[in-house]
Every structure is written in structure tokens, then in C-alpha cells.
Amino acid sequence: MKIKWHRALLLFEQFRSRRITSEDLEAADKKATLLEDKMDDFRLLIAMCKDSMAGRYALSKWNLSVVVATIIYVVSPLDAIPDMIPVLGWLDDISIVGYAISKLAEEMKRYQQFRKENRLSAE
């Protein structure tokens with residue numbers, strides 16, 4: 001298990017530098033339902049990425065790289081355990097999303113506050 005986790009983290013590092021596309025974001029949103037209890041948090045990461053790319057929300061380069069790498073990891077067919085393998089194929093994705101969420105917890109709280117404030121000012 002430790003070797004698989006290490007492999008997943010190496011893949012995560014490779015994905016961190018890849019540019020994300022609108023197609024990646026659409027694919028991520030479709031796959032979010034497969035992430036069980038991480039679905040809502042993953043969708044929040046997708047929204048953070050979209051708002052950051054649109055210039056509406058400022059993320060540090062590091063936090064943006066974690067968000068982008070997580071999304072790309074989930075949508076990519078290249079990961080530690082291929083998604084074709086039932087159940088196991090999504091466990092590594094869930095683990096990576098959980099790791100990203102733990103690292104971005106404070107940023108996610110700030111982003112939720114940002115969304116709340118902007119929703120109120122738009123009304």
C-alpha cells in the first residue's frame with residue numbers, strides 16, 4: 001500500500017505542471033459523483049479553479065497547482081490504480097482528493113466566504 005501511495009504522489013507531482021482545460025473541468029465535474037463523500041469538496045475545488053482562471057479569485061501559485069493537479073489526476077486515465085478496475089480504481093482518486101482537501105482546508109474556507117459575499121453583493 002505504501003508503494004502505491006508513493007506512486008500516486010509521484011504522478012500528482014507530474015500533473016502539477018500541466019495546464020488545465022475547460023474539457024478537463026467538465027470531465028472532473030462529471031466524475032465528481034464517483035468520489036462519494038468527497039464530491040462536494042471536489043466540486044468546490046473545481047469552482048475555485050474556474051474562478052481563479054477567470055481572475056475572480058486569487059490563489060497562490062502553490063494552492064492553484066494543488067487544485068489543478070488534483071483535478072487533472074482525477075480525470076486522467078494515468079494514475080496509480082486505473083479507473084477501469086471497479087472500486088479500487090476510484091480509491092486512489094478519493095485518497096488524492098482527500099489529501100488535497102486537507103492541504104487546502106483554510107483556502108477552501110476563504111473561498112466559501114468569498115462566494116457567500118459575492119452572492120450577497122450580486123443580489
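Keep in mind that this is a model prediction, so the values were computed, not measured. Excluded from the calculations below are hydrogen atoms, water molecules and symmetry mates; all remaining heavy atoms, backbone and side chain alike, are included.
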Got a sec, which residues hit side-chain contact (heavy atoms from CB on, under 4.5 Å) with S60, two or more places apart in sequence or on another chain?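 Result, side-chain contact (heavy atoms from CB on, under 4.5 Å) vs S60: W62, N63.
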
I101 CD1 to F42 CZ distance, which is reported to the nearest 0.5 Å: 9.0 Å

Let me confirm one number: the CD1-CG distance from I20 to L64, rounded to the nearest 0.5 Å.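 Going from CD1 on I20 over to CG on L64, the span is 8.5 Å.
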
According to salt bridge (Lys or Arg N to Asp or Glu O under 4.0 Å), who are the partners of K109, at least two apart in sequence or on a separate chain? E106

Spell out, yes or no, whether I72 and I94 are grouped together once hydrophobic residues are joined by side-chain heavy atoms under 4.5 Å, including indirect joins. yes

Same cluster or not: are V67 and M108 linked, directly or through other Ile, Leu, Val, Met, Phe, Trp or Tyr residues, by side-chain heavy atoms under 4.5 angstrom apart?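 Shared cluster, yes.
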
side-chain contact (heavy atoms from CB on, under 4.5 Å) partner of I71, chosen from L25, V66, V97: L25

Apply side chain to side chain contact (heavy atoms under 4.5 Å, CB included) to the pair R115 and L44, showing each step before the final yes or no. CA-CA 10 Å; R115 287 179 72 179; L44 187 66; 3.3 Å; yes

Run through E117, R110, K116 and flag the one making a side chain to side chain donor-acceptor pair (under 3.5 Å) with Q113.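 Passing option: E117.
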
Donor-acceptor contact present, side-chain R43 to main-chain A32, <3.5 Å: no

Listing, residues 45-58 side-chain donor-acceptor contacts under 3.5 Å, not counting sequence neighbours, or none:
from: D51; atom 1: OD1; to: R56; atom 2: NE; distance (Å): 2.8
from: D51; atom 1: OD1; to: R56; atom 2: NH2; distance (Å): 2.8
from: D51; atom 1: OD2; to: Y111; atom 2: OH; distance (Å): 2.5
from: Y57; atom 1: OH; to: E107; atom 2: OE2; distance (Å): 2.4
from: Y57; atom 1: OH; to: Y111; atom 2: N; distance (Å): 3.4

